[in-house]
Number of protein chains: 2
Amino acid sequence: MSISGDDLLTMLSALASPHRLRIMATLKAEGRSYVSQLARQVGISRPLLHLHLQKLEEAGLVTSQMELSPDGKALNFFAVADFAVELTPDLLVQAAATLSAKSES
Amino acid sequence: MSISGDDLLTMLSALASPHRLRIMATLKAEGRSYVSQLARQVGISRPLLHLHLQKLEEAGLVTSQMELSPDGKALNFFAVADFAVELTPDLLVQAAATLSAKSES
DNA sequence: AACATGTGTCAGTAAATTCTTACATGTGTC
DNA sequence: GACACATGTAAGAATTTACTGACACATGTT
C-alpha cells in the first residue's frame with residue numbers, strides 16, 4: 001500500500017518551508033529538544049516555532065511528548081518521526097488519483 | 001552527490017499543490033500535452049495553468065517544447081521529467097545544510 | 001472580414017500563510 | 001513577592017500565493 005494524495009499533500013506542504021526544513025534538520029541532529037530550547041537553536045521566536053511544529057506534527061513528521069524536568073518544569077519534547085517517501089512521477093500519478101474533493105483549489 | 005537545499009525547497013513547493021499534483025499526474029498519464037489541451041483535461045483556466053506550469057518547469061519537474069502542428073499552429077508541449085528523490089530525515093539534514101541565506105524567512 | 005484555435009502576459013482581486021506582539025498560566029528559586 | 005523559565009494561544013499586520021478577466025498577437029478556415 002502507498003500514501004494517499006491528501007497525506008502526501010500535507011507532507012509536502014509541511015516540508016516546503018526553509019524554517020521547517022531547518023527545524024527538522026536541527027531536531028534530527030539533536031535527537032530531541034523541547035520548544036523553548038529548539039527556538040533558541042533554530043533562531044526564531046517561540047510562538048512562530050510553535051506554529052511550525054503544529055504543521056509538522058499534523059503531517060506526522062515529528063512527534064511530541066510532555067515531560068517533567070528534574071526541577072518540575074513541564075517540557076514538551078519533539079523528535080523527528082521515521083519516514084521514507086520515494087518521490088517519483090509514478091507516485092504522483094497514484095497519489096493524485098486519491099485526492100479528496102476538498103483539494104480542488 | 002545529492003540535491004541542494006534550495007533545489008529541494010523549490011521542488012517541494014512546486015509539488016505542494018492539488019492543482020499541480022493533478023497536472024503532473026495528467027501529464028504523466030497522457031505522455032505529453034500542450035497548454036490549451038491540458039487546461040481542458042485538468043479543468044482549469046489557461047492562464048492559471050500557465051502559472052502552475054511555470055512553477056513546475058522552474059523546479060525541473062516538467063519540460064516544454066514548442067512545436068508546429070500540421071495546420072501551422074504553435075503548440076507548446078509539456079511532459080514530466082524523470083526524477084526520483086528519496087524523502088527521509090537524513091536527506092533533510094543534508095539539504096538544510098546547504099540552504100542559502102535568502103531562504104532565511 | 002469574421003471566426004476558431006493556438007500562444008503569452010498584465011492588472012487587480014481574493015485568499016491563504018506567515019510572523020509579531022501581547023496575554024494567560026504554571027513551577028521553582030532568590 | 002518578584003524573577004526566571006517553561007507552556008499555550010489569540011489578534012492583527014504583513015507578506016505571499018492563487019486566481020480571474022482582459023488584452024495582444026499569430027495562423028488556418030469559412
Side-chain angles (χ1 to χ4, degrees), chain A residues 6 9-24 30 32-59 61-79 99 102-105, chain B residues 6 9-24 30 32-59 61-79 99 102-105:
Chain A
D6 288 359
L9 208 49
T10 303
M11 183 182 188
L12 292 174
S13 301
L15 291 177
S17 148
H19 276 171
R20 292 195 288 268
L21 228 48
R22 276 203 201 82
I23 291 168
M24 290 294 288
E30 209 70 21
R32 63 203 297 256
S33 188
Y34 60 93
V35 184
S36 291
Q37 188 183 46
L38 185 54
R40 289 187 291 264
Q41 291 166 334
V42 177
I44 64 179
S45 76
R46 196 175 51 79
L48 181 54
L49 174 62
H50 190 267
L51 186 100
H52 287 311
L53 285 174
Q54 275 188 319
K55 277 226 159 95
L56 291 172
E57 188 167 26
E58 187 187 331
L61 296 169
V62 301
T63 58
S64 70
Q65 194 176 353
M66 266 289 192
E67 284 181 30
L68 280 175
S69 69
D71 59 328
K73 276 169 194 141
L75 308 181
N76 199 4
F77 279 92
F78 280 80
L99 271 179
K102 297 177 197 165
S103 318
E104 299 261 306
S105 329
Chain B
D6 287 358
L9 208 50
T10 303
M11 183 181 189
L12 292 174
S13 301
L15 291 178
S17 148
H19 276 172
R20 291 195 286 269
L21 228 48
R22 277 202 200 82
I23 291 169
M24 290 294 287
E30 209 70 22
R32 63 203 298 258
S33 188
Y34 60 93
V35 185
S36 291
Q37 188 183 49
L38 186 54
R40 290 187 291 264
Q41 292 166 335
V42 178
I44 64 179
S45 75
R46 195 175 51 80
L48 181 54
L49 175 62
H50 190 268
L51 187 98
H52 286 312
L53 284 174
Q54 274 188 321
K55 276 228 160 95
L56 290 172
E57 189 168 25
E58 187 187 331
L61 296 168
V62 301
T63 58
S64 69
Q65 194 176 354
M66 267 289 192
E67 284 181 29
L68 280 175
S69 69
D71 61 327
K73 274 168 195 142
L75 309 181
N76 199 3
F77 278 93
F78 280 80
L99 270 179
K102 298 177 196 165
S103 319
E104 299 260 308
S105 329

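What you are looking at is a predicted structure, and each value in this text was computed from that prediction instead of being measured. Order of the sequence lines fixes the chain letters, A, B, ..., with proteins taken first and strands second; residue numbering starts at 1 for each chain. What's counted below: heavy atoms across the whole structure, side chains too, no hydrogens, waters or symmetry copies.
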Please tell me if A:Ser45 has a side-chain N or O lying less than 4.0 Å from either OP1 or OP2 of C:dT20.
yes
Kindly say if A:Asn76 contacts the phosphate of D:dG8, meaning a side-chain N or O under 4.0 Å from OP1 or OP2.
yes
A:His50 side-chain N/O to C:dC19 phosphate OP1/OP2 under 4.0 Å
no
Quick one: is D:dC5 close enough that its OP1 or OP2 comes under 4.0 Å of any side-chain N or O from A:Arg40?
no
Separation of A:Arg46 atom CZ from C:dA24 atom P, in whole Å?
15 Å
Check the distance between C:dA4's C1' and B:Asp71's CG and give it to me in whole angstrom.
11 Å
Is A:His52 near enough to C:dC19 that one of its side-chain N or O atoms lies under 4.0 angstrom from OP1 or OP2?
yes
B:Leu48 CG - D:dA22 C1' separation (whole Å)
16 Å
Kindly check if the number of other-residue, nucleotide or ligand heavy atoms within 6.0 Å of CD (A:Glu67) is above 12?
yes
If the cut-off is 4.0 Å, is B:Tyr34 near the phosphate of C:dT7, judged by side-chain N/O to OP1 or OP2?
no
From CD of B:Gln37 over to C1' of C:dT5, roughly how many Å is that when rounded to an integer?
12 Å
Mind checking whether A:Met24 and A:Leu56 have side chains closer than 4.5 Å, heavy atoms only?
yes
Ignoring backbone atoms, test whether B:Lys55 places a side-chain nitrogen or oxygen under 4.0 Å from the OP1 or OP2 oxygen of D:dA18.
yes
